[in-house]
Amino acid sequence: MIDTLTNTVLFVMLVLTALAIVRMERLFAVVMLSSVFSLLSALLFVTLDAVDVAFTEAAVGAGISTVLMLGTIALTKPIAKRSRHTAFVPLIVVCVTGAALVYGTLDMPAFGAYDAPAQMHVGPDYLARTPDDIDVPNVVTAILGSYRGYDTLGETAVVFTAGIGVLLLLSGLRRRREDEDEEV
Amino acid sequence: MISTVPHFVFLIALLMLFIAMILVLLRLYKGPTLYDRVLSTNSFGTQTVLFIGVLGFLSGRPDFLDIALLYALINFVSTIAILKFFRYRAIGDILIKREAKK
C-alpha cells in the first residue's frame, strides 16, 4: 500500500515537473526544474531498491548537467526562442513510441518475480561463489571489481580519456581567448 | 532505538514530506524571482535526503542513510554552482578574471 502511494505521488510530481519544463520559457527556471526532475527520478529508483542507479542519476542529472547547462546559458541567451513549428508530429511520434514501450512491458515478468530470467541465469551462481572466490560482503562490488574487472577498467579508461580530452580542448580555448583580449 | 519508534510515525513523516515537496514544487513552478527557484531547488534536495532516510526506516532497512548523505553533498555542490552563476554570470574562470579587471 505504502509503495503504491509513494510511487503514485512521485510519478505525479515527475509528470507535473516535465509539463512545467515544456511550458517554461525562462531557461534558468528550466535548468532548476530539470535538476528537480532528476532528483525525483532518483527517488523513484530508490523506491525500486536501485540505489546505485539512483545515485548516478542524481550525480549526473542534478549535479553535473545543472552546472553544464548553467555554463551554456552563460554563453548563450537565457530566454527560449519560440518554435514556429507545430508540436503535432513530435507528439504523435512520442505517443507511438510510448505505446510501443508499454506494449513491450506487457510480456515482461512481474516486478520482483523470483522466476524472472534475470534471476535464473547467472545470479544464483554469483551469489553462491562470491563468499569463496572474492570474500567481499557486497556481491555487486565483487561483480564490478573482480568478475567484470577488465570491463570496469576499460570504462574507467574511457571516462578518464574523455575527461582529459575535454580539459585539453577547454584550456586551449581559454588561452586563445586571453590572447585575443590582449590584442584588443 | 529504531525499533521503539512505532511504524505509523514514519508513515506520517512520509505524508508530511510529500506535502512539503508539493509545496516546494509549487513555489518552483510559480516562483516570481529566480531566488525563489534557487531556494526551492535547494530545499527539494534537502527533502530528497529526508525522503531517502524516512523510506529506509519505513522499510526497516536504514542502511541507505549514508547514501542520503551523498545526496546532501551533491545538493550543496550544485547550489554553490548556481550561486556562483548568479554572482559572476559565468561558470568558468576567465569571465571572473574579466570582471575583476573592470
Side-chain angles (χ1 to χ4, degrees), chain A residues 1-3 5-6 8-10 12-14 16-17 19-21 23-24 26 28-40 42-43 46-47 49 51-52 54-55 57-75 78 170-171 173-178 181, chain B residues 7 10-11 14-15 17-19 21-22 24-26 28-31 33-34 36-42 44-45 47-49 51-52 54-56 58-59 61 63-64 66-68 70-71 73-82 84-86 88-95 97-98 101:
Chain A
M1 212 281 293
I2 296 169
D3 280 348
L5 174 84
T6 316
T8 316
V9 175
L10 284 179
V12 167
M13 288 199 274
L14 197 73
L16 286 180
T17 312
L19 287 178
I21 288 177
R23 297 196 62 84
M24 199 76 76
R26 306 184 68 175
F28 188 84
V30 171
V31 172
M32 301 286 97
L33 278 168
S34 59
S35 156
V36 167
F37 184 89
S38 139
L39 282 178
L40 276 169
L43 285 184
V46 168
T47 59
D49 267 359
V51 275
D52 47 344
F55 187 68
E57 171 68 39
V60 174
I64 293 174
S65 66
T66 306
V67 174
L68 286 182
M69 294 286 184
L70 285 177
T72 314
I73 288 181
L75 293 176
L170 289 182
S171 63
L173 190 71
R174 185 177 302 166
R175 210 174 304 130
R176 227 173 293 145
R177 268 204 205 158
E178 270 173 359
D181 276 4
Chain B
H7 191 256
F10 293 121
L11 195 58
L14 189 73
L15 291 180
L17 201 55
F18 276 147
I19 294 171
M21 276 179 171
I22 289 169
V24 162
L25 279 185
L26 281 181
L28 184 63
Y29 300 152
K30 287 191 163 187
T33 67
L34 292 179
D36 290 321
R37 296 212 161 98
V38 175
L39 256 184
S40 51
T41 310
N42 190 20
F44 194 87
Q47 285 164 353
T48 310
V49 177
F51 179 87
I52 294 172
V54 170
L55 197 75
L58 199 63
S59 56
R61 290 173 304 160
D63 316 329
F64 296 164
D66 45 352
I67 300 171
L70 284 175
Y71 280 81
L73 283 180
I74 288 181
N75 193 22
F76 178 70
V77 169
S78 59
T79 309
I80 291 290
I82 293 164
K84 188 181 174 187
F85 175 77
F86 264 134
Y88 299 110
R89 290 283 148 191
I91 296 288
D93 306 330
I94 170 97
L95 294 172
K97 269 190 226 158
R98 265 185 209 161
K101 275 180 200 165

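Atoms considered below: every heavy atom in the structure, side chains included; atoms not considered: hydrogens, waters and symmetry mates. Nothing here was measured: the structure is a model prediction, and the numbers come from that model.
- Looking at Arg23(A), there are no atoms closer than 4.5 Å to chain B (heavy atoms on both sides), in backbone or side chain.
- No part of Asp52(A) comes within reach of chain B, as not one of its non-hydrogen atoms sits under 4.5 angstrom from that chain.
- The side-chain heavy atoms of Phe76(B) and Asn42(B), taken from C-beta on, include no pair separated by under 4.5 Å.
- Residue Leu33(A) touches chain B through both its backbone and its side chain, counting heavy-atom pairs closer than 4.5 Å.
- Residue Leu73(B) does not touch chain A at all, counting heavy-atom pairs closer than 4.5 Å.
- Heavy atoms of Phe51(B) lying under 4.5 Å from chain A belong exclusively to its side chain.
- Nearest heavy atom pair, residue Met13(A) against residue Leu25(B), reads SD-CD1, 3.4 Å.
- Contact count against chain A (heavy-atom pairs under 4.5 Å) is highest for Ile74(B) among Ile74(B), Leu11(B), Leu15(B).
- Side-chain atoms of Thr6(A) and Asp3(A) include no donor-acceptor pair closer than 3.5 Å.
- The two residues Ala58(A) and Ser38(A) come nearest to each other via the heavy atoms CA-OG, 4.1 Å.
- For the set Ala62(A), Ala54(A), Ser35(A), the entry with the most heavy-atom pairs within less than 4.5 Å of chain B is Ala54(A).
- Comparing Leu5(A), Val46(A), Thr66(A), Ile64(A) by heavy-atom pairs within less than 4.5 Å of chain B, the highest count is held by Val46(A).
- For chain B, the nearby parts of Val36(A) are the backbone and the side chain; heavy atoms of each come within less than 4.5 Å.
- Closest approach of Ile82(B) to Phe28(A), counting heavy atoms only: CG2-CZ, 3.8 Å.
- Val49(B) is not listed as a side-chain neighbour of Asn75(B), based on a closest heavy-atom distance of 4.5 Å or more.
- Under a 3.5 Å cut-off, the side chain of Tyr71(B) and the backbone N or O of Leu39(A) do not form any donor-acceptor pair.
- Of the two parts of Val38(B), the backbone and the side chain both hold a non-hydrogen atom closer than 4.5 Å to a non-hydrogen atom of chain A.
- For Leu70(B), the parts lying under 4.5 angstrom from a heavy atom of chain A are both the backbone and the side chain.
- Taking all atoms of both residues into account, the shortest heavy-atom contact from Arg37(B) to Lys30(B) is NH2-O, 3.3 Å.
- Of the residues considered (Leu58(B), Leu55(B), Thr79(B)), Leu55(B) shows the highest number of contacts with chain A, using heavy-atom pairs under 4.5 Å.
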